[in-house]
Amino acid sequence: MAPSILMILDQDYMAPWHLLKDCMWGVGAAAFEKGAGKSFWDYMADDPAKNQLFTEAMVFDSQTWTSELITGCKDMFDGSRSVVDVGGGNGTALRAIAQAFPHLKCTVYDVPHVIADSPNHPEFVLHDWGNEECIKILKRCKEAVPQEGGKIIIVDTVLDSDSDVGPYSHLKLYSDLEMMLTFGGKERTEEEWEKLILDAGFAGCKIKCISAVQSSRHFLIKGSFIIWVSAGIGIDLFVPSSPSNSTMLSMQVQEDDHQAAQAKIWEIVYGFSDTLVLRSAIQLGIADILHKHGGPISLAELASRIPVNCRNVDHLYRIMRYLVHMKLFSTRTIDGQLRYELEPAAKFLVKGWDQSMVPALLAISDVDFMAPWHHIKEGLRGECATAFEKAFGRSIWDYMAGNPAKNQLFNEAMACDSRLLTSALISGCKEMLDGIRSVVDVGGGTGTALRAIAQAFPHLKCTVYDLPHVIADSPNYPEVQRIQGDMFKSIPSADAILMKCILHDWDDEECIKILKRCKEAVPQEGGKVIIVDIVLDLNSDSFYSHMRMCMDLDMMLNTGGKERTEEEWKKLIFDAGFAGYNIKCISAVQSVIEAYPY
Ligand SMILES: C[S@@+](CC[C@H](N)C(=O)[O-])C[C@H]1O[C@@H](n2cnc3c(N)ncnc32)[C@H](O)[C@@H]1O
């Protein structure tokens with residue numbers, strides 16, 4: 001599966017997903033063209049390395065379904081003497097067909113750079129194109145086959161209908177958006193295929209699954225079917241016989257484990273599409289519109305309210321179909337019309353309330369903040385201090401200092417994280433603040449967490465301490481004093497130092513330096529350092545476990561830091577010369593570690 005995975009996760013190939021919201025604007029160029037300045041096909045023609053990547057993925061794809069096609073639909077070529085594989089790439093698929101059916105004269109037909117050089121795109125042709133272009137292609141196909149017995153064989157995905165949700169529906173819907181973004185094409189339901197084929201002047205079509213859902217690797221990957229199109233009017237269509245039940249059963253037994261493993265990999269690979277579809281939903285304000293509307297809303301009403309000039313309602317429909325599949329929204333038919341509603345999780349996508357996750361989600365899914373994930377291997381090779389530096393040529397903090405828009409995005413995300421954590425933090429810190437008169441929040445960002453603490457404990461003198469560009473970007477809360485500076489050089493004195501999501505940004509050596517500065521800043525009598533950070537528990541299966549692991553890699557890539565187990569925290573705290581510590585779990589991703597310097 002490596003060739004397909006490498007292509008799907010290539011940074012250039014993923015780029016259009018970041019432009020999903022722009023797909024509402026019109027029916028023109030696909031997102032790929034907007035991002036790259038040329039069509040996917042022109043881009044491939046100009047870039048031999050990317051063309052090879054694409055080709056290898058398509059060859060893999062082709063290999064996975066060819067044997068299904070040959071065994072499942074053997075009779076298909078009865079009476080045919082010649083086949084042209086339109087968009088047949090390097091001929092991987094057609095070669096296998098030619099070997100299985102030696103009586104056929106086989107011809108691959110493709111664009112010049114594909115024929116001349118590297119292979120390309122052996123099947124799945126029509127899903128690359130909009131309906132109008134497909135009709136043109138189908139008409140040319142019709143001209144190319146004889147009236148008597150001529151046929152067009154289309155190998156492509158057939159989407160499940162809304163009521164018939166199959167095991168691979170998610171992959172098929174992913175593929176639909178991929179076609180929309182990269183080529184301006186689409187995956188189609190059975191009804192849409194039928195309409196397309198009739199609109200192209202054909203007499204009719206038959207759709208056949210290559211083999212049973214349970215036993216087909218091909219189905220697993222692409223969910224594709226063969227569509228038989230009759231070229232001649234009134235010709236009785238040929239329907240191939242299905243494999244017998246017993247054959248299917250034995251295929252299933254052999255392939256079950258194989259399929260389960262493949263399915264797991266595909267699910268992981270396509271994880272990014274969930275992230276970026278969610279991002280587009282936020283950018284389009286879909287949850288806000290539904291929340292404000294206060295009840296089920298039709299597609300047309302939704303389209304009229306989204307904050308871009310939505311001229312492509314079909315694209316909006318397809319994005320909504322995916323979001324419904326993700327269970328963020330649901331549909332209901334009222335008076336014969338499909339209407340959308342919010343599912344409970346979608347309330348966190350509504351903007352402007354204290355538990356909204358929107359600022360954090362927009363930062364995490366930002367194209368720049370996702371870029372370091374494409375450079376894990378350079379980080380491992382030691383070519384750079386962090387993957388972030390590989391991507392942008394400087395540390396994340398220097399990058400923020402020089403980029404006000406991203407600095408604001410980051411600061412708002414951190415403030416959002418603080419708001420989500422506030423009530424757990426306040427109840428978790430209550431006893432720790434007994435006898436404490438002043439707190440400095442080191443790396444306290446724009447002061448959101450400290451302000452909530454100041455309001456909950458009004459006797460405290462609260463000071464936020466951060467880098468100059470962050471202090472400049474932060475609001476002037478009356479409860480919170482603001483000081484700019486560098487925590488590696490000095491830290492303002494207080495009874496307690498608070499550090500939320502700070503030490504996980506740094507490696508052990510740097511953490512020890514920071515902790516030593518903290519120790520200098522607090523009194524010997526009762527002084528303490530309150531660390532709010534993740535404590536990794538590798539054996540736990542709490543619903544935060546996965547996120548904690550993700551955060552660890554996030555730190556490795558972006559800041560050069562890490563998340564730590566209790567053992568690692570203990571070592572760090574003692575290595576910094578502290579006398580002891582206590583860990584308190586709160587109802588959040590992070591825990592509170594109270595560290596005693598003396
Ligand atoms: C991950 S953010 C945490 C922000 C805040 N504590 C929170 O949890 O919302 C890390 C913070 O450390 C600050 N920071 C980085 N290097 C620093 C330094 N040398 N001195 C002071 N603050 C620094 C960053 O500007 C940023 O605000």
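Excluded from the calculations below are hydrogen atoms, water molecules and symmetry mates; all remaining heavy atoms, backbone and side chain alike, are included. Just so you know, ligand 1 is whichever comes first in the structure, and atom 1 is the first atom listed for that ligand.
For K519 and Y598, the positive end sits near the middle of the six-membered ring, less than 6.0 Å away and at most 45° from its axis.
Look at E520 and R517 and you find a salt bridge, because one of the NZ, NE, NH1 or NH2 atoms lies within 4.0 Å of a carboxylate O, short of that distance. We find that R564 and D552 are not joined by a salt bridge, their nearest charged nitrogen and carboxylate oxygen being 4.0 Å or further apart.
For ligand 1, the atoms closer than 4.0 angstrom to any heavy atom of S418 are 7 (C), 9 (O). Heavy-atom proximity to W506, at under 4.0 Å, picks out these atoms of ligand 1: 16 (N). Close approach to G485 involves these atoms of ligand 1, each under 4.0 Å from a residue heavy atom: 20 (N), 21 (C). The contact set between ligand 1 and V470, taken as ligand atoms under 4.0 Å from a residue heavy atom, comprises 25 (O). Short contacts between ligand 1 and G445, defined as distances under 4.0 Å to a heavy atom of the residue, involve ligand atoms 27 (O). Atom numbering of ligand 1 starts at 1 in the shown order; those under 4.0 Å from a heavy atom of D486 are 18 (C), 19 (N), 20 (N).
Ring geometry, F183 versus F54: the interplanar angle falls from 30° to 60°, so the pair is classed tilted.
The shortest N or O to N or O distance between G443 and ligand 1 is below 3.5 Å. Geometrically, ligand 1 and G444 share no nitrogen or oxygen pair separated by less than 3.5 Å. Looking at N411 next to ligand 1, no N or O pair under 3.5 Å apart turns up.
The closest protein non-hydrogen atom to atom 23 (C) of ligand 1 is L467 CG, 3.6 Å. At the top of the distance list for atom 20 (N) of ligand 1, counting protein heavy atoms only, stands M487 N, 3.0 Å. Here the protein heavy atom with the shortest distance to atom 12 (O) of ligand 1 is I502 CD1, 3.5 Å. Nearest protein heavy-atom contact of atom 25 (O) of ligand 1 is D466 OD1, 2.7 Å. Looking from atom 7 (C) of ligand 1 to the surrounding protein, the closest heavy atom is K500 NZ, 3.2 Å. Looking from atom 1 (C) of ligand 1 to the surrounding protein, the closest heavy atom is C501 O, 3.2 Å.
The distance from atom CD1 of I531 to atom CD of Q590, rounded to the nearest 0.5 Å, is 13.0 Å.
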Please lay out, stage by stage, how F388 and F392 fare under the test ring-ring contact (aromatic ring centres under 6.0 Å, His included). CA-CA 6 Å; F388 191 97; F392 297 103; 4.8 Å; yes

Evaluate ring-ring contact (aromatic ring centres under 6.0 Å, His included) for Y581 paired with W569, printing each intermediate quantity in order. CA-CA 9 Å; Y581 74 96; W569 278 115; 9.2 Å; no

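Y596 and E594 share a donor-acceptor pair across their side chains, judged by distance under 3.5 Å alone.
Residues I426 and A452 share a closest heavy-atom pair of CD1-O, 3.6 Å.
Only side-chain heavy atoms of D505 come within less than 4.0 Å of ligand 1; its backbone N, CA, C and O stay farther off.
When atom types are taken as modelled, the side chain of T463 and the backbone of V440 share no donor-acceptor pair closer than 3.5 angstrom. In terms of modelled atom types and a separation under 3.5 Å, the side chain of N411 and the main chain of T446 share no donor-acceptor contact.
Put simply, no part of D417 is less than 4.0 Å from ligand 1, judged by heavy atoms.
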